[in-house]
S.K.: 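Mind looking over this structure? Questions follow.
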Amino acid sequence: KIMSSASIPAHQKELFGHPVGLYVLFFTEMWERFSYYGMRAILVLYLVTETKEINPGLGWTDGDALALYGWYTMMVYVMSVPGGYIADKFLGQKRSVLIGGILLLIGHSTLAIEQMWAFYTGLVFIVLGVGMLKPNISTMVGGLYKQGDIRRDQGFTIFYIGINVGAFLSSLIVGYVGEVHGWHYGFGLAGIGMGLGLLQYVFGLKYLSQVGNYLGDSKDEKEVMKAPLTKVEKDRIAVLLISFLLVILFWGAFEQAGGLMNIYTMENTDRFIGDWQVPASWFQSINAMFIIFFGTSVALFWANRKLKGKVSSSLFKMIVGLVIMGVGFFFMSGATAQYESTGSSAMYWLVFAYLFHTIGELCLSPVALSFVTKLAPVKYASIMMGIYFAMTGFGSKLAGLLGEWSSSLGAFTIFTGIAVTCVGVGAIVLMLRPKLEALTHGVEDEETVVS
């Protein structure tokens with residue numbers, strides 16, 4: 001029987017081969033990341049800018065600014081653990097995302113107030129908001145696809161492109177407004193973006209009726225929630241926890257973008273094109289721009305590799321992503337070497353570094369999100385996603401520590417050390433990959449399109 005599009009329930013409708021709900025979550029996350037990455041692009045610059053300049057900041061030292069950046073970015077993601085727990089045990093993902101969006105709107109709007117109490121209060125609300133929204137919206141993406149649906153990885157890549165559309169636009173728009181017209185105008189603009197994302201989510205809920213609901217509402221699900229973990233489930237959780245070690249190291253390297261690399265760009269890079277100087281915060285958009293350009297291509301590369309029967313497991317992709325990230329930091333080593341010999345470094349070093357960081361990110365980050373939804377038991381889905389983002393937070397804290405150490409060790413030592421460590425750890429885990437993948441019990445072996 002052929003059904004007209006009008007008779008198909010909203011949650012079953014598809015667009016470009018994926019559930020319409022994916023695009024609702026795409027735009028929600030796009031605006032949430034617009035607000036977060038817009039604020040992230042100018043946060044450290046605001047902290048270190050001298051108080052006597054035309055657009056005064058707080059005048060903190062680089063070390064103090066990077067210390068706050070490390071703690072803040074860590075807590076943003078560590079709060080995903082209680083956020084995931086609250087969703088699994090009390091609210092469900094759908095309501096948790098709504099609450100998180102409201103908290104984020106309050107936080108970003110509060111940052112627009114030019115008072116120190118507002119600055120710290122705004123950061124606290126953002127930490128709480130991301131903790132409620134981030135793990136649960138990602139879990140909802142996985143819930144749009146049935147177990148074994150090969151479209152899941154592709155869906156997460158599309159979702160991930162949405163993240164970076166927001167990051168790209170915010171780095172340019174919020175970064176420009178913040179640096180040129182006033183830091184707090186930039187913070188306020190980030191709040192407007194979050195408001196748009198929240199409205200879009202509310203109006204799109206009809207496409208999400210079958211995903212993100214509180215499992216405890218069902219008698220059958222209550223029994224499932226109480227059932228002990230099986231041997232297979234325990235093995236899969238063990239693989240996830242081991243893979244999270246790669247996540248910590250990866251984000252410890254990647255988050256140099258908002259910290260040490262951001263300061264390096266502002267202080268040591270020749271940013272002049274003729275008589276015009278490129279705003280330092282604009283370099284934060286390069287990563288997002290590359291993701292938009294290459295996101296689909298990388299996803300298709302891995303899909304074609306899988307169809308040819310070549311190694312393309314999630315763990316293999318994550319290892320490759322870590323190694324490529326490490327290679328990218330050798331370009332930053334080149335930048336610092338040039339600076340030490342000439343007194344400035346060229347912009348192309350940053351462009352090449354961000355290119356490799358982007359390819360590495362596309363191999364690891366969306367794949368890791370999908371990996372969690374494949375291996376985590378349903379009753380612990382949001383909690384495990386929360387732990388994943390907590391690992392991201394620990395990586396961010398590591399990034400802050402590395403940035404602080406650069407004042408004594410030097411940028412060249414830090415950048416080169418990151419490169420060597422990422423490549424070396426990737427090589428070691430690659431040798432252990434077959435044993436680790438055996439513990440997944442073939443969860444990715446029979447993936448196909450599931451209607």
Side-chain angles (χ1 to χ4, degrees), residues 34-70 72-73 111 164 166-187 189-190 254-290 328-329 331-332 334-336 338-340 342-355 357-358 396 399-400 402-404 406-407 411-412 414-415:
F34 176 92
S35 63
Y36 177 78
Y37 279 104
M39 186 275 293
R40 173 182 176 269
I42 61 176
L43 177 61
V44 170
L45 302 182
Y46 165 65
L47 293 175
V48 301
T49 299
E50 294 293 336
T51 58
K52 295 181 181 180
E53 296 187 6
I54 297 175
N55 183 18
L58 297 183
W60 289 16
T61 65
D62 290 358
D64 288 341
L66 291 171
L68 176 68
Y69 177 79
Y72 164 69
T73 51
L111 281 179
N164 287 280
F168 173 72
L169 294 174
S170 66
S171 298
L172 294 177
I173 300 172
V174 176
Y176 175 79
V177 170
E179 283 195 68
V180 176
H181 296 287
W183 304 111
H184 294 278
Y185 288 114
F187 293 140
L189 185 57
F254 183 87
E255 281 297 328
Q256 298 301 320
L260 180 59
M261 287 177 68
N262 208 4
I263 294 176
Y264 184 89
T265 302
M266 182 174 68
E267 296 179 350
N268 300 340
T269 301
D270 179 6
R271 293 179 282 119
F272 279 97
I273 300 177
D275 295 329
W276 179 67
Q277 187 176 41
V278 180
S281 59
W282 279 20
F283 285 84
Q284 298 291 293
S285 71
I286 296 176
N287 165 250
M289 178 185 68
F290 281 148
F329 273 97
F331 290 100
M332 292 308 301
T336 53
Q338 185 182 57
Y339 176 78
E340 290 173 2
T342 66
S344 68
S345 63
M347 290 185 285
Y348 60 76
W349 294 111
L350 289 165
V351 174
F352 281 118
Y354 281 125
L355 174 61
H357 293 180
T358 299
S396 297
L402 292 172
E404 292 179 63
S406 67
S407 60
F412 178 84
I414 295 296
F415 289 143

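When a residue number appears, it is its place in the shown sequence, counting from 1.
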S.K.: Hey, does the side chain of Trp282 reach the backbone of Gly175 with a donor-acceptor pair shorter than 3.5 angstrom?
M.R.: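 No, Trp282 side chain to Gly175 backbone: no donor-acceptor pair under 3.5 Å.
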S.K.: Any side-chain heavy atom of Leu66 sitting closer than 4.5 Å to one from Ile263?
M.R.: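 In contact.
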S.K.: Hey, does the side chain of Ser170 reach the backbone of Gly38 with a donor-acceptor pair shorter than 3.5 angstrom?
M.R.: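 Side chain of Ser170 to backbone of Gly38: a pair is present.
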S.K.: Would you call Val351 and Phe290 a side-chain contact if the rule is heavy atoms closer than 4.5 Å?
M.R.: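 Touching, per the 4.5 Å side-chain cut-off.
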S.K.: Indicate yes or no for a side-chain donor-acceptor contact from Arg271 to the backbone of Val278 under 3.5 Å, with no hydrogens or angles considered.
M.R.: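 The answer is yes, because a donor-acceptor pair under 3.5 Å joins these two groups.
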S.K.: With a 4.5 Å heavy-atom cut-off, do Ile414 and Leu260 have their side chains touching?
M.R.: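 Yes, at least one pair of side-chain atoms sits under 4.5 Å.
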S.K.: Is any side-chain heavy atom of Met347 closer than 4.5 Å to one of Asp270?
M.R.: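 Side chain of Asp270 against side chain of Met347, heavy atoms only: no contact under 4.5 Å found.
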S.K.: Would you call the rings of His184 and Tyr46 parallel, tilted or perpendicular, where under 30° means parallel and over 60° means perpendicular?
M.R.: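 His184 and Tyr46: perpendicular rings.
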S.K.: Tyr69 and Thr73: which non-hydrogen atoms are nearest, and at how many Å?
M.R.: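 Reported closest heavy-atom pair: O-OG1, 2.7 Å.
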S.K.: Using side-chain hydrogen bond (donor to acceptor under 3.5 Å, both in side chains) as the criterion, list what pairs up with Thr358, not counting sequence neighbours.
M.R.: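 Applying side-chain hydrogen bond (donor to acceptor under 3.5 Å, both in side chains) to Thr358 gives Asn287.
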S.K.: Looking only at side chains, do Ser345 and Tyr264 share a donor and an acceptor under 3.5 Å apart?
M.R.: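 Checked: Ser345/Tyr264 side chains pair up, N/O donor to acceptor below 3.5 Å.
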S.K.: Quick one: do the Asn262 and Thr265 side chains pair a donor with an acceptor below 3.5 Å?
M.R.: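 Per modelled atom types, Asn262 and Thr265 side chains form no pair under 3.5 Å.
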S.K.: What class does the angle between the rings of His357 and Phe254 fall in, given that below 30° is parallel, 30 to 60° is tilted and above 60° is perpendicular?
M.R.: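 Rings of His357 and Phe254: tilted, as their planes differ by 30° to 60°.
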S.K.: Minimum heavy-atom separation for Gly57 to Thr51, with atom names?
M.R.: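 What the structure gives for the nearest pair is O-CG2, 3.4 Å.
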S.K.: Under the rule for side-chain hydrogen bond (donor to acceptor under 3.5 Å, both in side chains), what residues qualify as partners of Trp349, not counting sequence neighbours?
M.R.: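 In terms of side-chain hydrogen bond (donor to acceptor under 3.5 Å, both in side chains), with neighbours along the sequence ignored, Trp349 is linked to Gln338.
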S.K.: I want to check something: taking the side chain as every heavy atom from C-beta on, are Met39 and Val174 in contact at a cut-off of under 4.5 Å?
M.R.: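 No, too far: nothing below the 4.5 Å cut-off.
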S.K.: For the backbone of Gly400 and the side chain of Glu255, can you confirm whether one donor and one acceptor N or O come within less than 3.5 Å of each other?
M.R.: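 Not a single qualifying donor-acceptor pair exists.
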S.K.: Does Ser281 offer a backbone N or O that forms a donor-acceptor pair with the side chain of Glu179 under 3.5 Å?
M.R.: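 Pair found, side chain donor or acceptor close to backbone of Ser281.
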